[in-house]
Amino acid sequence: MELLSALSLGELALSFSRVPLFPVFDLSYFIVSILYLKYEPGAVELSRRHPMASWLCAMLHCFGSYILADLLLGEPLIDYFSNNSSILLASAVWYLIFFCPLDLFYKCVCFLPVKLIFVAMKEVVRVRKIAVGIHHAHHHYHHGWFVMIATGWVKGSGVALMSNFEQLLRGVWKPETNEILHMSFPTKASLYGAILFTLQQTRWLPVSKATLIFIFTMFMVSCKVFLTATHSHSSPFDALEGYICPVLFGAACGADHHQDNHGGSHGSGGPGPQHSAMPAKSKEELSEGSRKKKTKKAD
């Protein structure tokens with residue numbers, strides 16, 4: 001109790017917001033981002049056949065949010081690649097995850113307790129990027145609320161929003177996997193976080209930036225660690241959206257997405273009878289046609 005009284009939330013949040021991200025937190029961000037790349041079908045084969053394409057995909061996973069934010073603000077897209085330390089660190093992580101002998105590095109970082117630590121540290125970087133992106137956009141557009149929200153959003157989830165372009169580098173084209181159509185939890189949370197930080201930046205939210213960073217980081221870390229530990233793809237926002245979306249839009253948001261996932265995960269269940277019914281009907285029609293032909297021949 002004495003410790004809690006001596007250290008207020010404001011002082012704790014201020015100290016937390018001043019923690020440097022490089023190299024420890026950035027390293028965790030690179031590890032988790034490139035892990036997700038390796039989980040993609042065909043990513044390992046691509047790294048063996050086309051290492052340069054695999055490296056470019058890894059760089060997009062690590063720095064796609066910076067590139068997309070620079071595109072929105074009209075700044076040089078290659079500007080962030082002048083940060084030699086970050087590029088070399090991300091490249092080293094890419095090489096170790098894909099080419100380490102016996103996959104030792106990959107097995108170590110995939111060990112669930114270790115992976116949860118990296119996931120938590122990645123969310124720290126995500127929230128800090130959202131806050132920095134909105135501050136940067138506010139410097140250019142003082143009253144551009146939508147510009148600030150868009151910049152903070154792509155700063156937090158730019159990699160997911162660029163997923164179709166990253167897939168093209170791997171020779172894959174899946175427009176149905178558009179992140180705008182099927183938003184994941186980090187994408188939704190980045191959007192909501194961008195709105196909160198924009199309200200704080202424009203003085204509509206009476207809370208300090210350090211406190212908001214601390215509170216939103218704790219929320220993101222708790223949710224993402226829980227979802228990763230339980231191997232869940234659900235979202236904490238689903239229950240709230242289930243009540244709000246029918247009122248505002250007349251239907252539940254993401255209904256098509258849930259139906260698509262249900263159909264994909266139960267390929268032998270839901271759509272199976274429909275596909276089996278169609279051939280059965282065609283067989284009956286063919287048998288009727290053959291009978292008519294036979295009767296004509298008999299006549």
S.K.: Leu168 vs Asn164, test: side chain to side chain contact (heavy atoms under 4.5 Å, CB included). Steps then yes/no.
M.R.: CA-CA 6 Å; Leu168 284 178; Asn164 290 107; over 6 Å; no
S.K.: For atom CZ of Phe111, is the number of surrounding heavy atoms from other residues, nucleotides or ligands below 6.0 Å larger than 12?
M.R.: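 No.
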S.K.: Can you name the nearest heavy-atom pair linking Lys115 to Thr228, along with the distance?
M.R.: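 It is CE-CG2, 4.2 Å.
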S.K.: Measuring only between side-chain heavy atoms, which start at C-beta, is Leu35 closer than 4.5 Å to Cys110?
M.R.: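 They are in contact (side-chain heavy atoms under 4.5 Å apart), so the answer is yes.
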S.K.: When hydrophobic residues are tied together by side-chain contacts of less than 4.5 Å, even through go-betweens, does Val221 share a cluster with Val32?
M.R.: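 Same cluster.
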S.K.: Could you check if a side-chain atom of Met148 sits within less than 4.5 angstrom of a side-chain atom of Thr202, using non-hydrogen atoms only?
M.R.: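 Yes, at least one pair of side-chain atoms sits under 4.5 Å.
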S.K.: Taking atom OG1 of Thr198 and atom CD1 of Ile149, what is their separation to the nearest 0.5 Å?
M.R.: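 The CD1 atom of Ile149 is 4.5 Å from OG1 of Thr198, to the nearest 0.5 Å.
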S.K.: If I compare all heavy atoms of Phe226 with all of Thr230, which pair ends up nearest, and what's the gap?
M.R.: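 So the two residues come closest at O-OG1, 2.7 Å.
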S.K.: Step through the shown structure and confirm whether more than 12 heavy atoms of other residues, nucleotides or ligands are within 6.0 Å of CZ on Arg48.
M.R.: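 Above 12, so yes.
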S.K.: Hey, can you tell me if Phe99 and Trp94 have their rings parallel, tilted or perpendicular (30° and 60° cut-offs)?
M.R.: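 The arrangement is perpendicular - the two ring planes meet at more than 60°.
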S.K.: Does Val159 reach the side chain of Leu60, with side-chain heavy atoms less than 4.5 Å apart?
M.R.: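 SC-SC contact between Val159 and Leu60 ruled out.
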S.K.: Check the hydrophobic clustering (I, L, V, M, F, W, Y; side-chain heavy atoms under 4.5 Å; chains of links allowed) and say if Phe185 and Ile130 are grouped together.
M.R.: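 Yes, Phe185 and Ile130 fall within the same hydrophobic cluster.
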S.K.: Going by heavy atoms in the side chains, are Met59 and Ser91 under 4.5 Å from each other?
M.R.: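 In contact.
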S.K.: Surrounding CZ of Phe165 (heavy atoms of other residues, nucleotides or ligands, distance under 6.0 Å), is the total greater than 12?
M.R.: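 No - once you tally the heavy atoms of other residues, nucleotides and ligands closer than 6.0 Å, there are 12 at most.
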S.K.: Do the non-hydrogen side-chain atoms of Ser234 and Leu227 ever get within less than 4.5 Å of each other?
M.R.: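 In contact.
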S.K.: With distance as the sole criterion, is a donor-acceptor pair present between the side chains of Glu75 and His136 under 3.5 Å?
M.R.: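 Distance-only check passes for Glu75 and His136.
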S.K.: Could you point out which residue of Lys155, Lys129, Arg126 forms a side chain to side chain donor-acceptor pair (under 3.5 Å) with Ser65?
M.R.: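 That would be Lys129.
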S.K.: Could you grab the distance from atom CG of Asp26 to atom CD1 of Ile31, nearest 0.5 Å is fine?
M.R.: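 Separation between the atoms: 11.0 Å.
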S.K.: To the nearest 0.5 Å, what is the distance between CG (Leu205) and CG (Leu196)?
M.R.: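 Going from CG on Leu205 over to CG on Leu196, the span is 6.5 Å.
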S.K.: Go through the steps to decide whether Phe249 and Ile244 satisfy the test side chain to side chain contact (heavy atoms under 4.5 Å, CB included), and finish with yes or no.
M.R.: CA-CA 8 Å; Phe249 308 109; Ile244 296 178; 5.8 Å; no
S.K.: Indicate yes or no: at least one non-hydrogen side-chain atom of Leu104 is less than 4.5 angstrom from one of Leu96.
M.R.: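 No; the side chains remain at least 4.5 Å from each other.
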S.K.: Which atoms form the tightest heavy-atom contact between Glu241 and Pro246, and what is the distance?
M.R.: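 Nearest heavy atoms, Glu241 then Pro246: O-CD, 3.7 Å.
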S.K.: Working to the nearest 0.5 Å, report the span between CG of Leu27 and CG of Leu21.
M.R.: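 Leu27 CG to Leu21 CG: 12.5 Å, rounded to 0.5 Å.
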S.K.: Minimum heavy-atom separation for Ala90 and Ile34, please, with both atom names.
M.R.: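 Looking at all heavy atoms of both residues, the closest pair is O-CD1, 3.6 Å.
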S.K.: If I compare all heavy atoms of Met220 with all of Ala189, which pair ends up nearest, and what's the gap?
M.R.: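 For Met220 and Ala189, the tightest heavy-atom pair comes out as SD-CB, 3.3 Å.
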S.K.: Could you see if Val19 belongs to whatever hydrophobic cluster contains Val124? Use Ile, Leu, Val, Met, Phe, Trp, Tyr and a side-chain cutoff under 4.5 Å.
M.R.: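 Yes.
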S.K.: Are Phe197 and Val147 co-members of a hydrophobic cluster defined by side-chain heavy atoms under 4.5 Å apart?
M.R.: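 In one cluster: no.
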S.K.: If you look only at distance, which donor and acceptor atoms sit under 3.5 Å apart when one is on a side chain in residues 208-218 and the other is two or more places apart or in another chain?
M.R.:
unit_1: Ser208; atom_1: OG; unit_2: Thr211; atom_2: N; d: 3.2
unit_1: Ser208; atom_1: OG; unit_2: Thr211; atom_2: OG1; d: 2.7
unit_1: Lys209; atom_1: NZ; unit_2: Gln201; atom_2: OE1; d: 3.1
unit_1: Thr217; atom_1: OG1; unit_2: Ile213; atom_2: O; d: 2.5

S.K.: Taking atom types as modelled, is there a side-chain donor on His135 or His139 under 3.5 Å from an acceptor on the other?
M.R.: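 Per modelled atom types, His135 and His139 side chains form no pair under 3.5 Å.
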S.K.: Would you call Ile134 and Gln200 a side-chain contact if the rule is heavy atoms closer than 4.5 Å?
M.R.: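 Side chain of Ile134 against side chain of Gln200, heavy atoms only: no contact under 4.5 Å found.
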S.K.: Would Glu166 and Leu37 count as a side chain to side chain contact (heavy atoms under 4.5 Å, CB included) here? Give the steps.
M.R.: CA-CA 10 Å; Glu166 183 270 333; Leu37 172 62; 3.4 Å; yes
S.K.: By side-chain hydrogen bond (donor to acceptor under 3.5 Å, both in side chains), which residues pair with Asn83, not counting sequence neighbours?
M.R.: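 Expected list: Ser86.
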S.K.: To the nearest 0.5 Å, what is the distance between CG (Leu68) and CG (Leu73)?
M.R.: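 So the gap between those two atoms works out to 10.0 Å.
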S.K.: Main chain of Glu176, side chain of His182: is a donor-acceptor contact present, judged purely on distance under 3.5 Å?
M.R.: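 Yes; judged by distance alone, with no hydrogens or angles, the pair exists.
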S.K.: Determine, stepwise, if the pair Met162 / Leu71 fulfils side chain to side chain contact (heavy atoms under 4.5 Å, CB included).
M.R.: CA-CA 12 Å; Met162 294 181 65; Leu71 178 64; over 6 Å; no
S.K.: Which of these, Phe22, Tyr95, Phe118, Phe63, sits in a ring pair (Phe, Tyr, Trp, His ring centres under 6.0 Å) with Phe30?
M.R.: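 When Phe22, Tyr95, Phe118, Phe63 are each tested with Phe30, the ring pair (Phe, Tyr, Trp, His ring centres under 6.0 Å) holds only for Phe63.
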S.K.: Between the side chains of Glu179 and Ser163, does any donor sit under 3.5 Å from an acceptor?
M.R.: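 No - no donor-acceptor pair under 3.5 Å links their side chains.
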S.K.: If you group Ile, Leu, Val, Met, Phe, Trp and Tyr by side-chain heavy-atom gaps below 4.5 Å, do Leu199 and Val132 land in one group?
M.R.: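 Hydrophobic grouping puts Leu199 apart from Val132.
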S.K.: For Lys38 versus Ile97, what's the shortest heavy-atom pair and its separation?
M.R.: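 Closest heavy-atom pair between Lys38 and Ile97: NZ-O, 2.8 Å.
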S.K.: Determine whether a donor-acceptor pair (N or O, by modelled atom type, separation under 3.5 Å) exists between the side chain of Ser82 and the backbone of Ile78.
M.R.: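 Not confirmed, Ser82 side chain does not pair with Ile78 backbone.
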S.K.: Do Leu161 and Trp153 come within less than 4.5 Å of each other through their side chains, counting heavy atoms only?
M.R.: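 With C-beta onward as the side chain, the pair touches.
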S.K.: Do Lys188 and Ser235 have a side chain donor and acceptor closer than 3.5 Å?
M.R.: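 No pair is found: no donor N or O on one side chain lies under 3.5 Å from an acceptor on the other.
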S.K.: Between the side chain of Trp55 and the main-chain N/O of His50, is any donor-acceptor distance below 3.5 Å?
M.R.: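 Looks like no, no N/O pair under 3.5 Å.
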S.K.: Can you tell me how far apart CD1 (Ile67) and CZ (Phe81) are? Round to the nearest 0.5 Å.
M.R.: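 One finds 4.0 Å between CD1 of Ile67 and CZ of Phe81.
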S.K.: Using modelled atom types and a 3.5 Å cut-off, is there a donor and acceptor pairing between side-chain atoms of Arg128 and backbone atoms of Ser17?
M.R.: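 Confirmed, Arg128 side chain pairs with Ser17 backbone.
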S.K.: Examine distances only and state if a side-chain atom of Lys224 and a backbone atom of Glu123 form a donor-acceptor pair shorter than 3.5 Å.
M.R.: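 Not a single qualifying donor-acceptor pair exists.
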